[in-house]
2 protein chains.
Amino acid sequence: MNGVSNAIGGRVTIRDVAAAAGVSVTTVSDALNDKGKLRAETRARIQRIARELGYRPSRVAQAFRQGRTGTIALVLPNVGGPADELEMISLDFYMSVAAGAARAAFREGYAVTLTPRISTAEEWHLIGPDGVVLCDPLSADSRIDMLEEMGIPVVSIERDPARPGSPYYASGDNAQNIRDLLDHMHQAGARRIALLSAEATWAWVLDGEHAYRAWCAERGLPPLVVPVSLDRLEADSYRATCALLDGDEPPDGIIASAEQYSEGSTRACRERGIRIPDDLLLAVGMDSRFAQQCDPPITAIDLRPADQATAAVDLLLKRLSGEQVDGPAIVPSKLHIRGSTQRGPAPFSDTATDDGHSRRRDPADAWPMTPP
Amino acid sequence: MNGVSNAIGGRVTIRDVAAAAGVSVTTVSDALNDKGKLRAETRARIQRIARELGYRPSRVAQAFRQGRTGTIALVLPNVGGPADELEMISLDFYMSVAAGAARAAFREGYAVTLTPRISTAEEWHLIGPDGVVLCDPLSADSRIDMLEEMGIPVVSIERDPARPGSPYYASGDNAQNIRDLLDHMHQAGARRIALLSAEATWAWVLDGEHAYRAWCAERGLPPLVVPVSLDRLEADSYRATCALLDGDEPPDGIIASAEQYSEGSTRACRERGIRIPDDLLLAVGMDSRFAQQCDPPITAIDLRPADQATAAVDLLLKRLSGEQVDGPAIVPSKLHIRGSTQRGPAPFSDTATDDGHSRRRDPADAWPMTPP
DNA sequence: CTGAAAGCGCTTACAG
DNA sequence: CTGAAAGCGCTTACAG
């Protein structure tokens, strides 16, 4: 006999249900898990009794029995490191990813574990997830190799550039997004569009640069790619923008690839009295509250981070269940055209964002005009 | 015999260790868990053998046996809801909280589960955490009652105003923070300081307002509390600031209680050509990248969110282990004095942030001057 | 100081 | 169509 039971709070077990129904635990288990061996009538009766008794299967017992943990680990870049070094390329993006992943996983009976910055297999064993959703893999990301070798499947948000052909990622259509944005800015009159690109091997950076160069070549326009460090996002994009603006042939359009780059660019323009959009069109490759709330609001690509997270979780769960994986999942993005790329009167520029995603504002707030 | 084993990958179990050491599993368990019944020599030998064999205890088996899950749920306001409605009072704050919690929990062998927006006990049962860290409880927050009734202990970040005397929270010293900030602004010359306060029952709002009024009364200064809705953070703080600035007696200082309020205030000032800090001192009650990177950078209270999260997790784990809880945990905050409240030459205003928490910039970036 | 055994709640191969 | 039994890996009360 075991004096200490974990039936704390008088948990109703499968055994209790079996006794109440006058059947065996096997039958209860089958009835509850829709194994097709029972008469529909028996099944219904057992399910009713289980409900009446307030039976809830123990998730940990199930997980234990099945040799899994029911857990998906979410790895965000730079989260969980020393708190004082929390520096992400876009808080908005990752927060939405986290929310979307938590939601999608919960629907399927999984929990999302927030992974602190860990590196060793040892530490990963302590976390012990069934699978991992990894944001922004580096090129040939070693974490993916390590985890897969441990038997822990990984699905990434954004692809690993050094894994061509891998179906295990969700992503936006980075090349098309940049093309759409360039087309829009070109149409709005820009002829020298610079790209503030991140010094990183992330796929969205490489894809964006590649698409940008191709687009410029097609139109015979000069490619102006300015690599910006990841170390000091705002400061370096500020500096890069200053260099552009103070150069011999300043651009008439700037695409800042990341949220914080747009902040640096905005600052540089403001300092010089360069008006947006009158003197320069500004757009950003990743939507954010900053872009939405800036004055004027900045045209941005909404990558639908929550949708990407949902798609990544779905792919991962398919891998876990051994199903055919129909990846990669290319999630449609949405270009929000805002004041920063629209010259002349355009009272309600943000109407493209009638999807509820934009900030709820009334028109009076949607179009803050420049100071008198 | 069970054809399907969960010893996938040939897991080394406690049984294997026992066999290799020539002892019983009981002895192995005791040796590994430092139960004081073994000879030190035996213990060391078993631990060595376990290491050599690459034994790792199964966390889910342990959890199962002990009737727990090894999981702490983190509840952030408004995360996990419909992705399109992700609107938090401060992304920076909660992202740091999440990172800090994940880290602190991991150290103690717990995992942090990101909780989607759920409401019913039914849903909580599916998550099944051992305990919950709840951010920003409302007054008499019903989630706390529900969870505690379910036997799931809760520790909050910020206190529940309607639970006086509860030791189960971590928080900054909200009243003292506001006083410090007011003292600083007063010293910098402000005599009519307005407070943009949130329309909410959160403790930090109530404490801040109360401290503000007391401080004003002590100095015979007029209290200017402007309640701002939580619904449309930026837009409403913009409007509130406009009303203040356009009124008969405009303030000479503004404290925006939340990150996004500072964004609205900044916009309102910019539109009117009101210069910060020359015409108006501006400060914000919660530090953020926006505050750090604004032009000029905005004086802000750094609430040390990761430290608060760590403190909350520690309190929760003490509750779980039945230890005496020495809560509440009042975590020291830090006032970062920046350009928005410093008139005249102050080349390196942000030196108070020499703790590595501020953005790594060199001096040239630290003090962006207004445009020529 | 150490071991044999029970049992946490569940699922599954197998026998009827 | 249903049941008896084994067993996932671990911890613990109890007996020696």
Side-chain angles (χ1 to χ4, degrees), chain A residues 1-46 50 53-70 109 125 128 130 321, chain B residues 1-46 49-50 53-70 109 125 128 130:
Chain A
M1 202 59 54
N2 188 334
V4 173
S5 147
N6 56 9
I8 294 164
R11 170 184 273 286
V12 178
T13 75
I14 199 173
R15 205 162 237 108
D16 299 319
V17 178
V23 297
S24 74
V25 292
T26 306
T27 307
V28 175
S29 178
D30 288 347
L32 264 32
N33 295 300
D34 275 335
K35 299 285 162 85
K37 313 180 202 167
L38 305 186
R39 267 207 311 262
E41 179 201 300
T42 314
R43 192 189 304 285
R45 190 173 60 90
I46 293 175
L53 260 47
Y55 169 74
R56 300 170 202 289
S58 156
R59 305 236 304 111
V60 3
Q62 287 177 319
F64 170 55
R65 178 60 233 267
Q66 294 170 153
R68 50 183 208 91
T69 62
H125 266 116
D130 292 336
S321 69
Chain B
M1 200 59 53
N2 187 335
V4 172
S5 146
N6 56 10
I8 294 165
R11 169 184 272 286
V12 178
T13 73
I14 200 173
R15 207 162 236 109
D16 301 318
V17 178
V23 296
S24 73
V25 293
T26 306
T27 306
V28 175
S29 178
D30 287 347
L32 264 33
N33 295 300
D34 276 334
K35 299 283 160 90
K37 314 179 202 169
L38 305 185
R39 267 207 309 263
E41 180 200 301
T42 313
R43 191 188 305 283
R45 189 172 61 88
I46 293 176
I49 292 174
L53 260 46
Y55 169 75
R56 299 169 202 291
S58 157
R59 303 236 305 110
V60 3
Q62 287 178 319
F64 170 54
R65 178 60 234 267
Q66 294 169 153
R68 49 182 210 93
T69 62
H125 265 117
D130 292 336

Length of the CG-P vector between B:Asn33 and D:dA13, whole Å: 13 Å

Under the 3.5 Å Watson-Crick or G-U criterion, the dot-bracket string of DNA chain C, with | for inter-strand pairs: |||.||||||||.|||

Side chain of B:Thr42 - closest among C:dC10, D:dG3, C:dT2: C:dT2

Which residue lies more 5' along DNA chain C, comparing B:Ala61 with B:Arg39 via nearest heavy atoms: B:Arg39

Touch class at under 4.0 angstrom, heavy-atom based, for A:Arg56 against every strand present: sugar-phosphate

No-H, no-angle donor-acceptor pair, A:Thr26 side chain to C:dT12 base, under 3.5 Å: yes

Atom-pair distance (CZ on A:Arg43; P on D:dC1), nearest Å: 9 Å

Rounded interatomic separation in angstrom, taking CG from A:Asp16 and P from C:dC8: 11 Å

Of A:Gly22 and B:Ser58, the one whose closest DNA chain D nucleotide lies more 5': A:Gly22

Nearest-0.5 Å distance, CD1 of residue A:Ile14 to CG of residue A:Leu53: 12.5 Å

Pairing of B:Arg43 and B:Asp30 as salt bridge, 4.0 angstrom limit: no

Flag for B:Ser29-B:Thr26: side-chain donor and acceptor within less than 3.5 Å: no

Interatomic distance, A:Gln62 CD vs C:dG9 P [rounded to whole Å]: 13 Å

Length of the line joining A:Asp30:CG and C:dT12:P, which is rounded to integer Å: 9 Å

Whole-Å gap separating C1' (D:dC8) and CZ (B:Arg15): 10 Å

Partners meeting salt bridge (Lys or Arg N to Asp or Glu O under 4.0 Å) with A:Asp130 (sequence neighbours left out): A:Arg68

Student check: side-chain heavy atoms of B:Val28 and B:Tyr55 closer than 4.5 Å: no

Sugar-phosphate, base or nothing in reach of B:Val23, heavy atoms under 4.0 Å: sugar-phosphate

Pairing residues for B:Arg56 by the salt bridge (Lys or Arg N to Asp or Glu O under 4.0 Å) criterion, not counting sequence neighbours: A:Glu122

Aromatic ring of A:Phe64 stacked on base six-ring of C:dC10, 5.5 Å, 30°: no

D:dT12 OP1/OP2 closer than 4.0 Å to side-chain N/O of B:Ser29: no

A:Phe64 side, atom CZ; A:Ser58 side, atom OG - distance, nearest 0.5 Å: 10.5 Å

Rounded interatomic separation in angstrom, taking CG from A:Asp34 and P from C:dT12: 13 Å

Separation of D:dA5 P from A:Ile14 CD1 (nearest whole Å): 17 Å

